[in-house]
Every structure is written in structure tokens, then in C-alpha cells.
Amino acid sequence: MRLSDPHLLAALPALGVERVAGASLAERTSLGIGGTTDLLLIRKHAALPELVALLRGGGIAYRFLGGGTNLLVRDGELPWVVLHLAKQEQDVRLEGTVAFVDAAADLGRTVTFCARRDLGGMEGLIGVPGTIGGALRMNAGAYGMQIGSYVREVELYRAAEGRNETLRDEKISFEYRHTSFAPDDIMLAVKLELPSKPYSDILQGIRICNEKRRASQPLHQKSAGCIFKNPPGASAGRMIDALGLKGFAVGDARVSDRHANFFINAGKARCADMLALIDQVRERVRVVHGVELETEVILWTEERL
Ligand SMILES: Cc1cc2nc3c(=O)[nH]c(=O)nc-3n(C[C@H](O)[C@H](O)[C@H](O)COP(=O)(O)OP(=O)(O)OC[C@H]3O[C@@H](n4cnc5c(N)ncnc54)[C@H](O)[C@@H]3O)c2cc1C
């Protein structure tokens, strides 16, 4: 979508919002798939309520993009603009065992920043790409831990109220790859309370997790991590592997040879190829294992959220 309303375009600089015209989402997502649209880069959290009000007033649909590492985006001219938080110069601040982190901060860098100051707990998240905001939205986790366990407060733009607010942890539920945030809430910052641990112990945990990832995941290929959530008590990857589907492909969309729940873009995969692969694998699992797999990757394939 190309923004053309002169009133809206004229209002952006005063809000500190920069417009990147015709941004390619293929270039901004780890799968390397997706069409183009105008991207609005937000430098000040305080600008969001007014920006969203302007977009809504103009009937312009929008979506929020973090690091783009858990997304499958449709091709062509996209029917919504994309909002994106600019990285802050200093995006993590510590007070004792509490870390105040901007939502645009890189997740991995936040984990190592805290680790070097003897704050642990998030070792399992090393190697999970993307932003703190994206991790909060999905309650990212791995190797038995999840980010939600350490959240004390979240500052967010609440779309329903049209304003920025702070939510305490008792008002938020974090479940397996699911949170109680509304689909159009936008996370702005988080307060994490982390356990004190010697850096050497944290580093050992980080090394173990890194090793496990390197041994089992196609880290040098374009993917969005696990395509499906694990059903209760089972592993989606093992079920797909048991069907002999590693290497199974639709066009350039392929089930990884290394990890059957990672689907990769092996060249010029289109969104339709990846969707067809997802559907075909899901159908085979349903028929043989009797389980309906739910996608973990977020699909930006429909016009509406
Ligand atoms: C190689 C690889 C390994 C991975 N391993 C793991 C793993 O072990 N565990 C795991 O949980 N995930 C894993 N992932 C998936 C992904 O990295 C995480 O889900 C990550 O937290 C997504 O963050 P992001 O900033 O990239 O979000 P995006 O992909 O940009 O967005 C994902 C969703 O979150 C929303 N979102 C993003 N930022 C915000 C915000 N500030 N406010 C509101 N909504 C927001 C978007 O609108 C979208 O709906 C992996 C991905 C890859 C490529």
C-alpha cells in the first residue's frame, strides 16, 4: 500500500515518524518471502496513539513488524502499511536484578548484555532471532524456558483504548507460544526481573543451547523457526519426520533435511508455495497421526488481522 493522503504524509515528520516507501518484506523477514508496502519507522513511543489515530481516520490498515523472524507474508503489493519501532541507542538499562528493555532491542544481544552483568535465566533464548517485542508477543521460549517467566511489567500501546499503558504481570497470561495481549496491541518496553548467577555459569548454559541448535537446526538457511506448534505432549517435528517428509518440497519451499519442523526457502519460494507445503504436511499429519497441527509462524496472508 502506498500512502498518498497529503494530510497524513505532512503529519509524519512532526511525529518523528519516517516513511520508507515501497519497503520489501522479503528483505525484512528471515524467510525471505513477502511483497512491498510503505513502512513507518517510529522513533518515539509517544507518537503511536496519534499515528494510529491518523491511520484509522484515513481507513488505512496497518500491521506491526518486529525482526520478521516468525512471519510468512503474502506476495505482491500488500494491503496494509507496516509499523516498525526504530532501535534506540541505549535499549537496555539495569537496576539491580531488573532489566528495562526497549521492545525494538535485539533479543540475543539483550540476553548476552544481561549475562555479562551476572543476570541469567534467559540462556535458552540465545539463538532465537528477532526483537524483545516479538518475543513478548509470542512468549518465545526454548529448552524449557520462556520469556514470560521473567516479565514484571510491559509498556504497550493498547489499540482498544487508543493510548499507551503499563500492564503488570498479573494482568498478562503467558502460555506456550501464546499471550493474552490483544492482536493489535503493540509492545513498547518491558521490565524483566532476572535471577543473579555468575557469568561463567550463564555462559556454560548459553554454550550448551548454542550447541543443541547448531546440531539440529538449519541455521544458515532461510526459515522462520518452527512452522507448527508442538501439540500437547508431542513433537510436531518428530511426527513430520516419521512420515518421511524431510526434503519434501513445493517449488522452492522445502521441509528442512535437518529439522522436520523447519520449512526453508531454498531459493525463490513464493508465499503460495510455502502455504501449499504447510497445508500438505498438515494434511498428512492429520490423516496418519490424527492430530491437527497449528501454525507457530504468524501468517500475514489475509487482508484482515
Ligand atoms: C532460526 C530460527 C530459530 C528460532 N527459534 C525459536 C525458538 O527456539 N523459540 C521461539 O519461541 N521462537 C523461535 N523462532 C521464531 C522467532 O524468532 C521468535 O518467535 C521471535 O520472538 C519473533 O520475534 P520478531 O521480532 O522477529 O517478530 P516478528 O516476526 O516481526 O513478528 C511476529 C509476530 O509478533 C508481532 N510483534 C513483533 N513485535 C511486536 C511488538 N513490539 N508489539 C506487538 N507485536 C509484535 C508481529 O506483529 C507478529 O504478529 C526462531 C526463528 C528462527 C528463524
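Position 1 is the first residue of the sequence; numbering continues from there.
Between S173 and S180 the shortest heavy-atom distance is N-OG, 2.8 Å. The nearest pair of heavy atoms linking I33 to A269 is CG1-O, 3.6 Å.
Every residue two or more places apart in sequence or in another chain that forms a side-chain hydrogen bond (donor to acceptor under 3.5 Å, both in side chains) with R152 is listed here: D169, E193. Applying the side-chain hydrogen bond (donor to acceptor under 3.5 Å, both in side chains) rule to E294 yields the partners K229; only residues at least two apart in sequence or on another chain are considered. Here D201 pairs with nothing under the side-chain hydrogen bond (donor to acceptor under 3.5 Å, both in side chains) rule; sequence neighbours left out. For K171, the side-chain contact (heavy atoms from CB on, under 4.5 Å) partners two or more places apart in sequence, or in a different chain, are L167. H259 is linked by a ring pair (Phe, Tyr, Trp, His ring centres under 6.0 Å) to F262, counting only residues two or more places apart in sequence or in another chain.
Counting heavy-atom neighbours within 6.0 Å of K87 NZ, excluding the residue itself, gives a total above 12. No more than 12 heavy atoms of other residues, nucleotides or ligands lie within 6.0 Å of CZ in R109, so this atom counts as exposed by the packing criterion.
Put simply, CG on D241 and CZ on R238 are 9.5 Å apart, with the number rounded to the nearest 0.5 Å. Rounding to the nearest 0.5 angstrom, the gap separating the OG1 atom in T166 from the CZ atom in R158 is 11.0 Å. One distance of note links CD1 of I227 with CG of L299; it measures 8.0 Å at 0.5 Å rounding. Here Q204 contributes atom CD and S200 contributes atom OG; the two are 8.0 Å apart, rounded to the nearest 0.5 Å. One distance of note links CD of E170 with CD of E153; it measures 9.0 Å at 0.5 Å rounding.
When side chains are defined from C-beta on, L245 does not count as touching M239, because their heavy atoms never get closer than 4.5 Å. Counting heavy atoms from C-beta on, the side chains of L65 and L71 come closer than 4.5 Å. Contact of the L119 side chain with the S196 side chain is registered, since non-hydrogen atoms from C-beta on lie closer than 4.5 Å. Using a 4.5 Å heavy-atom cutoff, the side chains of E123 and M145 are not in contact.
R177 contributes no side-chain N or O that, together with a main-chain N or O of V297, makes up a donor-acceptor pair within less than 3.5 Å.
Both L107 and L94 are members of a single hydrophobic cluster when ILVMFWY side chains are connected at heavy-atom separations under 4.5 Å. Cluster annotation: I298 is not connected to Y176 through the hydrophobic network of ILVMFWY side chains, with a link wherever side-chain heavy atoms come within less than 4.5 Å. Hydrophobic cluster membership differs between I206 and I208, with clusters built from Ile, Leu, Val, Met, Phe, Trp and Tyr side chains linked at under 4.5 angstrom. Placement of I147 and V98 in two distinct hydrophobic clusters is found when ILVMFWY residues are connected by side-chain heavy-atom separations under 4.5 Å, directly or transitively.
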Candidate pair L192 and V151, rule side chain to side chain contact (heavy atoms under 4.5 Å, CB included), full reasoning: CA-CA 5 Å; L192 300 168; V151 171; 3.8 Å; yes

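Contacts classified as ring pair (Phe, Tyr, Trp, His ring centres under 6.0 Å) and involving residues 96-143 (residues at least two apart or in different chains) are not found. The ring pair (Phe, Tyr, Trp, His ring centres under 6.0 Å) contacts involving residues 194-214 comprise nothing, where partners must be two or more places apart or lie in separate chains. Residue pairs meeting the ring pair (Phe, Tyr, Trp, His ring centres under 6.0 Å) criterion with at least one member in residues 213-235, sequence neighbours excluded: F228-F263. Applying the ring pair (Phe, Tyr, Trp, His ring centres under 6.0 Å) rule to pairs touching residues 280-305 yields W80-W300, sequence neighbours excluded.
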Listed pairs under 3.5 Å, donor-acceptor, residues 272-284 side chains, sequence neighbours left out:
{"unit_1": "D273", "atom_1": "OD1", "unit_2": "R270", "atom_2": "NH2", "d": "3.0"}
{"unit_1": "D273", "atom_1": "OD2", "unit_2": "R270", "atom_2": "N", "d": "2.9"}
{"unit_1": "R282", "atom_1": "NH1", "unit_2": "L293", "atom_2": "O", "d": "2.8"}
{"unit_1": "E283", "atom_1": "OE1", "unit_2": "R286", "atom_2": "NE", "d": "3.1"}
{"unit_1": "E283", "atom_1": "OE1", "unit_2": "R286", "atom_2": "NH2", "d": "3.2"}
{"unit_1": "E283", "atom_1": "OE2", "unit_2": "R286", "atom_2": "NH2", "d": "2.8"}

Enumerate, atom names and distances included, each donor-acceptor pair closer than 3.5 Å involving a side-chain atom of residues 132-139, sequence neighbours excluded.
{"unit_1": "R137", "atom_1": "NH1", "unit_2": "A182", "atom_2": "O", "d": "3.3"}
{"unit_1": "R137", "atom_1": "NH2", "unit_2": "A182", "atom_2": "O", "d": "3.0"}
{"unit_1": "R137", "atom_1": "NH2", "unit_2": "P183", "atom_2": "O", "d": "3.3"}
{"unit_1": "R137", "atom_1": "NH2", "unit_2": "D185", "atom_2": "O", "d": "2.9"}
{"unit_1": "N139", "atom_1": "OD1", "unit_2": "G148", "atom_2": "N", "d": "2.9"}
{"unit_1": "N139", "atom_1": "ND2", "unit_2": "Q146", "atom_2": "OE1", "d": "3.0"}
{"unit_1": "N139", "atom_1": "ND2", "unit_2": "E175", "atom_2": "O", "d": "2.7"}

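By the 4.5 Å side-chain criterion applied to Ile, Leu, Val, Met, Phe, Trp and Tyr, L15 is assigned to a cluster that also includes M1, L3, L8, L9, L12, V17, L40, I42, L48, L51, V52, L54, L55, I60, Y62, F64, V81, L83, L85, Y157, I186, L188.
Under the 4.0 Å criterion applied to side-chain N and carboxylate O atoms, E161 and R163 are not assigned as salt-bridge partners.
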